[in-house]
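To start, the structure under review is shown below, and the notes come after it.
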Amino acid sequence: MKTVVLKFGGTSVGSVDRIKKVANIIISYVKKRYKVIVVTSAMSGTTNDLVKKSKKISNNFISSEYDVLVSSGEQISCALIAGRLNHLGYRSQSWMGWQVPILTDGNHGSSRISKINKKKINKFLQSRGIPIIAGFQGVNLNNRITTLGRGGSDASAVMFAKFFKAQKCIIYTDVDGVYTTDPNILKKAKKIKVISYEEMLEMASLGAKVMQPTSLQDARLNRIDVDVKSSFTNKEGTLITKRKNIFNKKTIAGLTSTKNDAKVTLLGVKDKPGMAASIFKPLSKNYVNIDMVVQTSSGNKRETDITFTIQLDDLSTTLKLIKQNKKIKYRDLIVNKNVSKVSIIGVGMITTPGVTYRMFQTLANKEINILVISTSEIKISVLIEKKFVKKAISALHKEFKLD
Ligand code: ASP
Ligand code: MG
């Protein structure tokens, strides 16, 4: 008998009615003679509420108790699913992370699964039971509850698929797959049938909120095929798999844009070794994530301008740290909150020349000014004024034949 892991996200288990639907989906796999392992997230909104409560108690809430608190939402959805399956005459039982146990490494709030103990779950599966696992949580060597970072039930599902050698890992969510770009921005966006881990990882890190990026790293590392599907419709979803399995490759798989970026420019910074390090050191110490960076020399070789982008949430901290920083001198500081990073992603660009040029020319034709550029092997990102995002996405979508 083949094993399948079914993961249900927050909206899929968002109400009692939804949970009844989920139970029916689970049963449909049992009827197809699969051994089914279910991993569930908390009912939508629950985890956010718990995080809010922790902040009201303390803005420095102790991380070990934070994990006990925020992992509790999954206990509710697990029990409701198992309860429904029992009601319908199926043998089912809920399992919290510590009961399995799911062992994790790393810090509270951002742990990673290192091992899943298979014994009890296997025994239950053999007796035709349907285990319902609380996603997002585990237990560390001190026997304390840990969590895997927001959205972490995706990682739980992928790791169960790995340890139980599942034939499939299906992520049920509220969208029916991964799209070439955000359908809210461009109506013409198309569902992607198959996408590589690498491309999906870039898309998820660049703003496509379909799966947690760390879970995609786990899937890639362990070569787990992941299907993303909607629990609301019965449509075919998107398969995330290794490059080798993908035929009929397009140069560009998809486009993304960000919503909450800010650009900071320091004009007239002294051009000497260590300057950039002095600017970024306090930022990194305070966990401000720097995204794009450019340095331009201003001709006379004595001064340069440094521009970088950060999350809008980090802007006030960043400005405070720069103004307090006695090690740096600059002539002026400019902030732009109306920027967005637009990216094209595709493994095809490794082997196709001229992609960079085509991107820049397409934007030029639309008279969109590029503020900052950054590239990696399989993506090109440009920072542009927010008001041009729709225009840019639509032109690029057409240029790279995704329409
Ligand atoms: N319930 C957790 C969260 O909201 C985990 C998840 O949804 O994957 O982050
Ligand atoms: Mg989620």
Side-chain angles (χ1 to χ4, degrees), residues 5-16 18-19 21-22 25 37-55 61 63-82 94-98 100 102 104 106-113 116 131-140 145-162 169-175 178 200-201 203-205 207-219 224 226-232 237 240 311 313:
V5 172
L6 307 178
K7 182 255 164 175
F8 295 95
T11 33
S12 296
V13 294
S15 67
V16 166
R18 292 301 319 160
I19 284 179
K21 298 241 160 61
V22 159
I25 295 178
I37 300 175
V38 176
V39 174
T40 183
S41 172
M43 297 169 87
S44 52
T46 308
T47 315
N48 284 346
D49 280 347
L50 296 167
V51 171
K52 269 190 212 143
K53 288 198 173 86
S54 78
K55 287 194 173 136
F61 201 93
S63 61
S64 51
E65 293 307 326
Y66 172 90
D67 279 352
V68 176
L69 177 71
V70 301
S71 62
S72 63
E74 273 71 9
Q75 180 158 345
I76 298 170
S77 45
C78 265
L80 290 173
I81 298 172
S94 63
W95 305 77
M96 300 302 102
W98 61 270
V100 176
I102 301 169
T104 64
N107 295 330
H108 280 289
S110 59
S111 294
R112 300 283 289 257
I113 295 175
I116 296 173
I132 317 293
I133 315 286
F136 180 49
Q137 56 174 269
V139 61
N140 66 14
I145 291 175
T146 54
T147 61
L148 310 175
R150 294 305 307 272
S153 52
D154 289 336
S156 310
V158 168
M159 294 309 269
F160 266 84
K162 174 195 163 170
C169 176
I170 306 179
I171 304 287
Y172 277 98
T173 173
D174 50 1
V175 291
V178 183
M200 193 59 234
L201 189 54
M203 291 200 41
S205 320
K209 288 201 186 59
V210 181
M211 267 183 87
Q212 188 206 33
T214 29
S215 72
L216 288 163
Q217 284 171 342
D218 289 335
I224 309 285
V226 177
D227 238 328
V228 177
K229 279 181 134 162
S230 165
S231 65
F232 293 74
I240 308 169
Q311 291 275 299
D313 282 349

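For the numbers below, each heavy atom of this structure counts, side chains included, while hydrogens, waters and symmetry mates do not. Ligands are counted one by one from 1 in listed order, and the atoms in each one are counted from 1 as well.
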Report task. May I ask you to identify, for S41, whether its side chain, its backbone, both or neither come under 4.0 Å of ligand 1 on a heavy-atom basis? Result -> side chain
Requested in this report: Could you give me the CA-CA distance, side-chain angles and deciding distance for S72 and L50, then say whether side chain to side chain contact (heavy atoms under 4.5 Å, CB included) is met?
Outcome: CA-CA 9 Å; S72 63; L50 296 167; 3.4 Å; yes
Query - Over 12 non-hydrogen atoms of neighbours within 6.0 angstrom of CD in Q217 - result: yes
Query raised in the report: So is G151 close enough to ligand 1, meaning a heavy atom under 4.0 angstrom away?
Result: yes
**Report entry** Nearest-0.5 Å distance, CD1 of residue I133 to CZ of residue F160
**Finding:** 4.0 Å
Query raised in the report: Considering only heavy atoms of R150, which atoms of ligand 1 have at least one such atom less than 4.0 Å away?
Result: 3 (C), 4 (O), 9 (O)
Query raised in the report: What do you reckon, is CG of D49 surrounded by more than 12 foreign heavy atoms closer than 6.0 Å?
Result: yes
Report task. Establish, from distance only, whether the side-chain atoms of T147 and D67 form a donor-acceptor pair under 3.5 Å. Result -> yes
**Report entry** ligand 1 contact by G152, heavy-atom criterion under 4.0 angstrom
**Finding:** yes
Query raised in the report: Can you tell which part of E74 has a heavy atom less than 4.0 Å from ligand 1: side chain, backbone, both or neither?
Result: side chain
